[in-house]
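Have a look at the structure below, then the notes.
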Amino acid sequence: MTLQIGVIGTGAIGQDHIRRITQALSGARVVAVNDINPQQARDTVARYQLDAIVHTDAHALVADPAVQALLVTSWGPTHEEFVLAAIAKGKPVFCEKPLAVTAEGCRRIVDAEIAHGKRLVQVGFMRPYDAGYRALKDVITSGSIGAPLMLHCAHRNPSVGDSYTTPMAITDTLIHELDVLRWLLDDDYVSAQVVFPRKTSHASSHLADPQIVLLETSRGVRIDVEIFVNCQYGYDIQCSVVGESGVANLPEPASVLLRSEARLGTTILTDWKQRFIDAYDVELQGFINGIRDGALTGPSAWDGYAAAVAADACVKAQETRQVEAISMGERPAFYPR
Ligand code: NAI
Ligand code: NAD
Ligand code: ISE
């Protein structure tokens with residue numbers, strides 16, 4: 001059976017996910033699209049030659065009987081409304097990060113899903129599906145570097161637009177580390193602090209860039225994450241785990257080692273879409289297969305909530321310049337480890 005998907009938001013990642021459902025994955029097709037800009041939705045249907053209806057109202061798309069599952073790829077502040085609407089209709093929904101822009105919003109989704117009685121939500125945190133992070137987790141789990149003690153991480157983008165603000169370094173960028181590091185260590189955060197190095201001349205006047213976030217987990221692991229979104233040279237994700245008896249680094253993406261013109265080097269990617277392209281494929285295929293098999297297994301609404309609780313504390317820490325506590329309460333039995 002082919003799963004019939006409706007997509008809300010046909011921007012950068014909405015179109016990329018439509019491309020992969022249509023051209024790369026199996027078991028699903030896009031039957032309806034919506035965007036606040038209807039022309040963009042129509043152009044997307046034409047570009048990918050979809051046999052799909054363009055709904056001018058997102059809630060009409062959610063209610064469309066032809067739509068069996070939803071993809072929410074509109075901008076972050078709209079996610080909560082559309083995910084709650086999907087749950088109210090009992091339809092599975094894949095929601096891009098963030099699940100909601102506040103922890104309270106994520107909690108409302110958690111509560112609605114629990115009240116529904118069955119998992120319907122998968123959050124678009126793709127890094128746990130990345131082969132490099134999975135290999136890193138295998139090394140940690142094998143015990144070959146001993147217990148993890150410290151992590152040194154970096155999330156660097158070449159540049160960002162003028163609309164990118166200081167809190168977005170947390171809610172849009174660090175949110176990926178907040179999710180994947182929790183999964184990597186199988187641990188939760190207990191505190192956060194943000195420090196601000198000398199500002200780069202490439203950042204807009206209203207943006208603090210770079211930033212360093214210091215996290216502490218319940219087992220006492222210390223994590224530093226450099227967020228540097230105007231680093232100029234590339235899209236570069238680093239993660240180094242220091243254990244009791246060794247160090248394990250996230251593998252670099254495969255790239256040809258080139259000897260040429262008296263230089264030895266490899267290319268650094270510049271586009272985030274390329275860096276995790278395989279992980280995006282695997283996460284969405286997992287969503288499609290999970291619906292087919294009657295059980296979603298990917299990043300849950302609880303994972304979305306956990307990342308949002310930590311993000312809220314980091315944003316507060318940006319303002320207070322103090323160490324802020326992170327506490328998310330008891331994990332509901334509905335979301336087993
Ligand atoms: P974008 O701005 O290119 O696209 C967002 C689209 O949503 C636009 O076409 C906009 O018109 C539409 N939209 C906004 N409000 C709407 C509404 N009320 N109803 C229907 N459509 C609406 O943004 P982009 O880069 O595609 O990001 C979308 C989401 O995906 C964001 O939440 C972002 O954080 C997330 N994202 C996740 C990535 C990942 O690596 N997992 C990578 C890039 C984005
Ligand atoms: P598992 O799938 O139960 O995941 C291990 C732990 O990570 C659990 O405690 C789970 O709650 C937690 N976790 C999962 N996704 C998370 C996320 N996005 N954010 C925070 N925590 C998260 O156990 P496993 O058998 O070790 O996983 C098998 C492999 O499948 C893993 O390597 C993983 O990369 C991959 N995978 C996991 C998920 C998943 O989210 N459960 C989804 C797809 C693939
Ligand atoms: C984008 O929103 C993402 O989610 C990408 O994965 C991220 O790394 C990039 O910096 C963001 O702009």
Side-chain angles (χ1 to χ4, degrees), residues 6-20 32-44 47 54-62 70-83 85 94-101 105-106 122-130 133 153-161 163-165 167-180 207 209-211 225-231 234-239 269-284 287 298-299 303-304 307-308 311:
V7 181
I8 302 177
T10 55
I13 199 152
Q15 289 195 34
D16 206 35
H17 284 334
I18 288 171
R19 175 196 58 74
R20 59 174 46 85
V33 296
N34 161 267
D35 196 287
I36 200 160
N37 172 359
Q39 189 54 46
Q40 183 170 269
R42 285 191 286 272
D43 290 347
T44 302
R47 183 168 305 122
V54 175
H55 282 284
T56 48
D57 172 11
H59 288 280
L61 179 143
V62 177
L70 286 127
L71 210 62
V72 175
T73 47
S74 45
W75 76 305
T78 63
H79 291 181
E80 179 186 347
E81 175 189 341
F82 298 142
V83 172
F94 179 97
C95 178
E96 265 306 333
K97 38 72 53 173
L99 177 59
V101 288
C106 292
Q122 178 172 329
V123 184
F125 286 132
M126 72 296 181
R127 290 198 196 173
Y129 294 90
D130 173 64
Y133 274 109
C153 308
H155 188 149
R156 304 192 187 114
N157 287 49
S159 61
V160 290
S163 58
Y164 189 99
T165 60
M168 284 171 73
I170 307 296
T171 56
D172 198 56
T173 301
L174 181 77
I175 196 89
H176 283 294
E177 273 77 17
L178 291 175
D179 174 68
V180 77
L207 176 64
D209 186 42
Q211 303 178 30
V225 187
E226 169 202 314
I227 308 158
F228 187 11
V229 294
N230 287 284
C231 78
Y235 180 70
D236 193 8
I237 303 300
Q238 299 290 325
C239 180
L269 294 171
T270 53
D271 182 357
W272 54 262
K273 284 197 217 71
Q274 296 303 318
R275 174 64 181 85
F276 291 107
I277 191 163
D278 296 332
Y280 292 121
D281 285 352
V282 182
E283 69 167 357
L284 257 190
F287 176 69
D303 295 319

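Everything numeric here is computed off the predicted structure, so don't read it as measured data. For ligands, and for the atoms within them, numbers begin at 1 and follow the listed sequence.
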Any nitrogen or oxygen of [X], main chain or side chain, under 3.5 Å from a nitrogen or oxygen of ligand 1?
X	result
I13	yes
M126	no
Q40	yes

What protein heavy atom sits nearest [atom], and how far off is it?
atom	value
atom 37 (C) of ligand 1	E96 OE1, 3.1 Å
atom 14 (C) of ligand 1	W75 CD1, 3.2 Å
atom 28 (C) of ligand 1	T73 O, 3.3 Å
atom 12 (O) of ligand 3	D172 OD2, 3.5 Å
atom 17 (C) of ligand 1	I36 CB, 3.8 Å
atom 35 (C) of ligand 1	K97 O, 3.5 Å

Going from [atom1] on [X] to [atom2] on [Y], what distance comes out if it is rounded to the nearest 0.5 angstrom?
X	Y	atom1	atom2	answer
F82	L61	CZ	CG	9.5 Å
D16	D281	CG	CG	8.5 Å
Y235	Q274	OH	CD	12.0 Å
T173	M168	OG1	CE	7.0 Å
Q122	E283	CD	CD	6.5 Å
E96	I13	CD	CD1	4.0 Å

Using a 4.0 Å cutoff against the non-hydrogen atoms of [X], which atoms of ligand 1 qualify?
X	result
S74	7 (O), 13 (N), 16 (C), 21 (N), 22 (C), 28 (C), 29 (C), 31 (C), 32 (O)
N34	19 (N), 20 (C)
T78	15 (N), 18 (N)
G9	7 (O)

With distance as the sole criterion, is a donor-acceptor pair present between the side chains of R127 and Y133 under 3.5 Å?
->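 Per modelled atom types, R127 and Y133 side chains form a pair under 3.5 Å.
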Which bit of Y235 is near ligand 3, meaning a heavy atom under 4.0 Å away: side chain, backbone, both or neither?
->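 The side chain, only.
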Which atom pair, heavy atoms only, marks the closest approach of [X] to [Y]?
X	Y	value
P98	C95	O-SG, 4.2 Å
T270	P158	O-CG, 3.5 Å
P299	Y129	CD-OH, 3.3 Å
E80	A100	CB-CB, 3.9 Å
I170	Q211	CD1-OE1, 4.4 Å

Using distance alone, decide if ligand 3 has a nitrogen or oxygen within less than 3.5 Å of any nitrogen or oxygen in W272.
->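 N/O-N/O distance under 3.5 Å: no.
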Just heavy atoms, cut-off under 4.0 Å: does [X] contact ligand 1 by side chain, backbone, both, or neither?
X	value
D35	both
D172	side chain
W272	side chain
Y280	side chain

In ligand 3, which numbered atoms sit nearer than 4.0 Å to a non-hydrogen atom of [X]?
X	value
N157	9 (C), 10 (O)
H176	3 (C), 4 (O), 5 (C), 6 (O)
K97	1 (C), 2 (O), 3 (C), 4 (O)

So, does [X] sit close enough to ligand 1 that a heavy atom of it is under 4.0 Å from the ligand?
X	value
F82	yes
H176	yes
A58	no
H79	yes

If you define the side chain from C-beta out and look only at heavy atoms, does anything of [X] sit under 4.5 Å from [Y]?
X	Y	result
D130	R275	yes
Q15	Q40	yes
D209	Y164	no

Would you say R275 touches ligand 3, if touching means a heavy atom closer than 4.0 Å?
->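 No heavy atom of R275 comes that close to ligand 3.
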Would you tell me which option among A12, G11, G124, A279 has the nearest heavy-atom contact to atom 25 (O) of ligand 1?
->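 That would be A12.
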Atom 2 (O) of ligand 1 within contact range, any protein heavy atom under 4.0 Å = no
Basic-acidic side-chain contact under 4.0 Å: K97, D172 = yes
Verify the ring-centre separation between F228 and H155: is it less than 6.0 angstrom?
->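 When the ring centroids of H155 and F228 are compared, they turn out to be at least 6.0 Å apart.
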